[in-house]
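Written out below as structure tokens is the structure these notes cover.
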Amino acid sequence: MYLISACLLGKNTKYDGGNNYNEAVVRFSEEHSFMIVCPEAISGLPVPRPPAERVGDKVIDREGKDVTLNFQAGSAASLEKALAEAEKRGETIEGAILKANSPSCGSGIIYDGTFSKTTVSGDGCFTALLKDLGIKVITEKEINENGKF
């Protein structure tokens with residue numbers, strides 16, 4: 001079973017109320033067992049909401065509010081739900097395709113907290129939890145045109 005960011009499949013969970021629909025990710029989902037995840041939505045943060053970025057170990061929204069606890073709680077709840085779903089299905093979590101640069105789902109590169117679209121090395125909160133468990137995480141930028149993981 002794979003975990004896929006809800007916004008990449010066209011679900012309107014993005015901070016601005018929209019989505020990040022990605023055709024290659026959709027094609028991948030049509031051929032693999034998957035579960036939709038959105039740590040930010042499961043945390044109880046509203047849609048829409050102010051954009052947020054990681055600043056060190058904190059997640060701060062554009063208005064200066066510390067939303068770290070929301071992101072941590074949403075990440076933990078998403079992981080718990082994913083592990084329970086994998087067990088229910090009798091499957092393992094083979095990997096995840098998550099939203100690039102996101103403070104929850106970014107993998108390897110995230111926005112730097114200046115809200116200027118500047119990136120730095122790092123992982124989102126949810127991605128860090130998955131990687132700690134040895135689960136491979138890629139972003140929509142890494143999936144090829146054929147939808148291969």
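If you chain together hydrophobic residues whose side chains sit under 4.5 Å apart, Met1 and Phe149 never meet in one group. Both Val137 and Ile93 are assigned to one and the same hydrophobic cluster, defined by single-linkage of ILVMFWY side chains at heavy-atom distances under 4.5 Å. Under a hydrophobic-cluster definition in which Ile, Leu, Val, Met, Phe, Trp and Tyr are linked whenever side-chain heavy atoms come within less than 4.5 Å, directly or via other members, Val59 and Val55 are assigned to different clusters. There is a path of hydrophobic side-chain contacts, each under 4.5 Å, that joins Leu83 to Val37. Under the 4.5 Å side-chain heavy-atom criterion for Ile, Leu, Val, Met, Phe, Trp and Tyr, Tyr111 and Ile109 are members of distinct hydrophobic clusters.
Without hydrogens or angle criteria, Glu87 side chain to Ala84 main chain gives no donor-acceptor distance under 3.5 Å. Not one N or O on the side chain of Ser104 forms a donor-acceptor pair closer than 3.5 Å with the backbone of Cys125. Checking side-chain atoms of Glu53 against main-chain N and O of Thr114 turns up a donor-acceptor pair under 3.5 Å. Of the possible polar contacts, none joining the Ser5 side chain to the Cys7 backbone as a donor-acceptor pair under 3.5 Å is found. Looking at Ser43, its side chain never comes within 3.5 Å of a backbone N or O of Ala73 through a donor-acceptor pair. Listed for the Ser29 side chain is a donor-acceptor partner under 3.5 Å among the backbone atoms of Val26.
Classification of the His32-Tyr2 ring pair by plane angle, with boundaries at 30° and 60°, yields perpendicular.
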Report the C-alpha distance between Ser33 and Arg89 in whole Å, list the side-chain angles of each, state the deciding distance to 0.1 Å, and finish with yes or no for side-chain contact (heavy atoms from CB on, under 4.5 Å).
CA-CA 10 Å; Ser33 174; Arg89 294 182 189 187; 2.9 Å; yes
What do the steps show when you test Leu133 against Leu79 for side-chain contact (heavy atoms from CB on, under 4.5 Å), and what is the final call?
CA-CA 10 Å; Leu133 294 176; Leu79 178 58; 3.7 Å; yes
Between Met35 and Lys81, does the side-chain contact (heavy atoms from CB on, under 4.5 Å) criterion hold? Intermediate values first, please.
CA-CA 10 Å; Met35 178 183 151; Lys81 188 174 178 182; 3.6 Å; yes
Test side-chain contact (heavy atoms from CB on, under 4.5 Å) applied to Ile143 and Arg27, step by step:
CA-CA 10 Å; Ile143 198 163; Arg27 280 195 307 273; over 6 Å; no
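Counting heavy-atom neighbours within 6.0 Å of Glu91 CD, excluding the residue itself, gives a total above 12.
The closest side-chain heavy-atom distance from Glu40 to Arg49 is below 4.5 Å. Looking at Leu130 and Leu98, their side chains come closer than 4.5 Å, going by heavy atoms from C-beta outward. Side-chain contact between Asp123 and Ile110: absent, with no pair of heavy atoms (C-beta onward) separated by less than 4.5 Å. The shortest distance between side-chain heavy atoms of Ile36 and Ile4 does not fall below 4.5 Å. Looking at heavy atoms from C-beta onward, Lys131 lies in side-chain contact with Ser107 at the 4.5 angstrom threshold. Side-chain contact between Thr68 and Asp57 is absent, with no heavy atoms from C-beta onward closer than 4.5 Å. Side-chain contact between Arg54 and Val120: absent, with no pair of heavy atoms (C-beta onward) separated by less than 4.5 Å. Inter-residue side-chain proximity for Phe34 and Ile97 is flagged as unmet; no heavy-atom pair is nearer than 4.5 Å.
In this structure, Lys117 NZ and Asn101 CG are separated by 9.0 Å, a value rounded to the nearest 0.5 Å. Atom OG1 of Thr13 and atom NZ of Lys99 lie 11.0 Å apart (nearest 0.5 Å). How far CG of Asn12 is from CG of Asn19: 5.0 Å, rounded to the nearest 0.5 Å.
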